[in-house]
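Report on the structure given below.
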Amino acid sequence: MDPELTRRRVLAGGAAVASTAALLGPLSLTASAASSPAAGTKPTLPTIVLVHGGFADASCWNAVIEQLQQAGYPTIAPANPLRSLPTDSAYIASVLRSISGPVVLVGHSYGGATNVKALVYIAAFVPDQGEQLSVLINKYPGSIIEAATRPVPYDGPDGTTGTDLYLVPDKFRAAFAADLPIATTRLMQATQRPFSATCFTDTTTAVAWRTIPSWGLVADTDKAIPPALQRYFYNRARARHVVEARGASHVAMISHPRATARLIEQAARATG
């Protein structure tokens, strides 16, 4: 199939934004509940699981992880496959099943398109059942990801052909990480992990945010997922607390690690 035609179908109207994470499929996941600690014993701190999205990898959480570990929290940042919502959901679910005790799941961008029991959204999508990221991205103006994206066909193990999405060098920084140094974004662009275009058209099959408390961080100069869309998502999810990272690009966890870590700790304390 013509790569440009594929791009238009999947990213029509600037839908390519959902990546990063960052973009960062609905995961039908359950964060295990902690048992009540015995009198006089110290409560078990939850494990913080941080999920990245498209155009990024787990290292985007490094500065946040450092702060969480200093505070005593066990942390893990798995490698999100970025192949499709069902594939990514199943993989992250398997990671959560390997963890004993309470879990707080943190999602960025496309990595935030998850359905879990405890979740912190960092500049993320929060889709409802039946919704597609390619439709949601058009709800508010402001994304410039589409023009920065290059589709690249790939062959699957079953003989089928798919399309990966990459951010091109001369547009990467403006669309994805405008508040980071140029030298840093050059490295990020060269090492970016693409995600499959099908992630934008996969339909969300289940959600947990309607009954499970959530927290959200708005990156207020985000050119990937418009800040207005992030606010809409968090308001709809009735997030317990929403913070605004002033001047933050889509990768707020890199440029504003302290604000990100503080919000995660707040969620961890509340769920504990």
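Each residue takes its place number in the sequence, starting with 1. Predicted model only: the values in this text are computed from it and were never measured.
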Begin with the C-alpha distance, continue with both residues' side-chain angles, and end with the deciding distance and a verdict on side chain to side chain contact (heavy atoms under 4.5 Å, CB included) for Leu96 and Val49. CA-CA 8 Å; Leu96 294 186; Val49 179; 3.8 Å; yes
Test side chain to side chain contact (heavy atoms under 4.5 Å, CB included) applied to Leu165 and Phe200, step by step: CA-CA 11 Å; Leu165 301 175; Phe200 277 113; 3.7 Å; yes
Which is it for Leu68 and Ile264 under the side chain to side chain contact (heavy atoms under 4.5 Å, CB included) test, yes or no, and what are the steps along the way? CA-CA 8 Å; Leu68 292 173; Ile264 295 169; 4.1 Å; yes
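Considering CG of Asp57 and CE of Met188, their distance stands at 8.5 Å, rounded to 0.5 Å. Within the model, atoms OG1 of Thr47 and CD1 of Ile99 stand 5.0 Å from one another, a figure rounded to the nearest 0.5 Å. Once rounded to the nearest 0.5 Å, the distance linking OH of Tyr232 with CG of Leu136 reads 7.5 Å. Here the CG-SG distance, from Leu82 to Cys199, works out to 6.5 Å after rounding to the nearest 0.5 Å. How far CG of Asp179 is from OG1 of Thr221: 6.0 Å, rounded to the nearest 0.5 Å. To the nearest 0.5 angstrom, Ile145 atom CD1 is 7.0 Å from His250 atom NE2.
Looking only at distances, no side-chain donor or acceptor of Thr160 sits under 3.5 Å from a matching main-chain atom of Gly156. Using a distance-only test at 3.5 Å, with no hydrogens or angles considered, a donor-acceptor pair links the side chain of Asp220 to the main chain of Gly247.
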Throw together a table of side-chain donor-acceptor distances under 3.5 angstrom for residues 166-178, partners on residues two or more places apart or in other chains.
from	atom 1	to	atom 2	distance (Å)
Lys171	NZ	Ala147	O	3.1
Arg173	NE	Leu180	O	2.8
Arg173	NH2	Ala178	O	3.1
Arg173	NH2	Leu180	O	2.8

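For the residue pair Gln69/Thr75, the side-chain donor-acceptor check at 3.5 Å is satisfied. For the residue pair Asp222/Gln230, the side-chain donor-acceptor check at 3.5 Å is satisfied.
Using a 4.5 Å heavy-atom threshold, the side chains of Val152 and Pro194 count as separate. Using a 4.5 Å cut-off on side-chain heavy atoms (C-beta onward), Cys60 and Met253 make contact. Taking 4.5 Å as the limit, every side-chain heavy atom of Ser214 sits out of range of all side-chain heavy atoms of Arg240. For the pair Arg231 and Glu244, the minimum side-chain heavy-atom distance is below 4.5 Å. Residues Tyr121 and Val106 have side chains not in contact (no heavy-atom distance under 4.5 Å, counting atoms from C-beta outward). Two residues are said to be in side-chain contact when any heavy atoms from C-beta on lie closer than 4.5 Å; Arg210 and Asp128 meet this criterion. Residues Pro78 and Tyr91 are in side-chain contact: their nearest non-hydrogen atoms beyond the backbone lie under 4.5 Å apart.
The pair Arg236-Glu131 meets the salt-bridge criterion, with a side-chain N (NZ, NE, NH1 or NH2) lying under 4.0 Å from an Asp/Glu carboxylate O.
Judged as a side chain to side chain donor-acceptor pair (under 3.5 Å), the pairs with a partner in residues 185-195 (not counting sequence neighbours) are, in order, His52-Arg193.
Applying the side chain to side chain contact (heavy atoms under 4.5 Å, CB included) test between Trp215 and each of Leu263, Val242, Leu119 identifies Leu263 as the sole match. With Arg83 as reference, Asp164 is the one residue of Asp88, Asp164, Thr198 to meet the side chain to side chain donor-acceptor pair (under 3.5 Å) rule.
In terms of heavy atoms, Ile122 sits closest to Tyr234 at C-OH, 4.1 Å. Annotation for Ala58 and Asn62: closest pair O-OD1, 4.2 Å, computed over non-hydrogen atoms.
For Phe233, the ring pair (Phe, Tyr, Trp, His ring centres under 6.0 Å) partners two or more places apart in sequence, or in a different chain, are Phe125.
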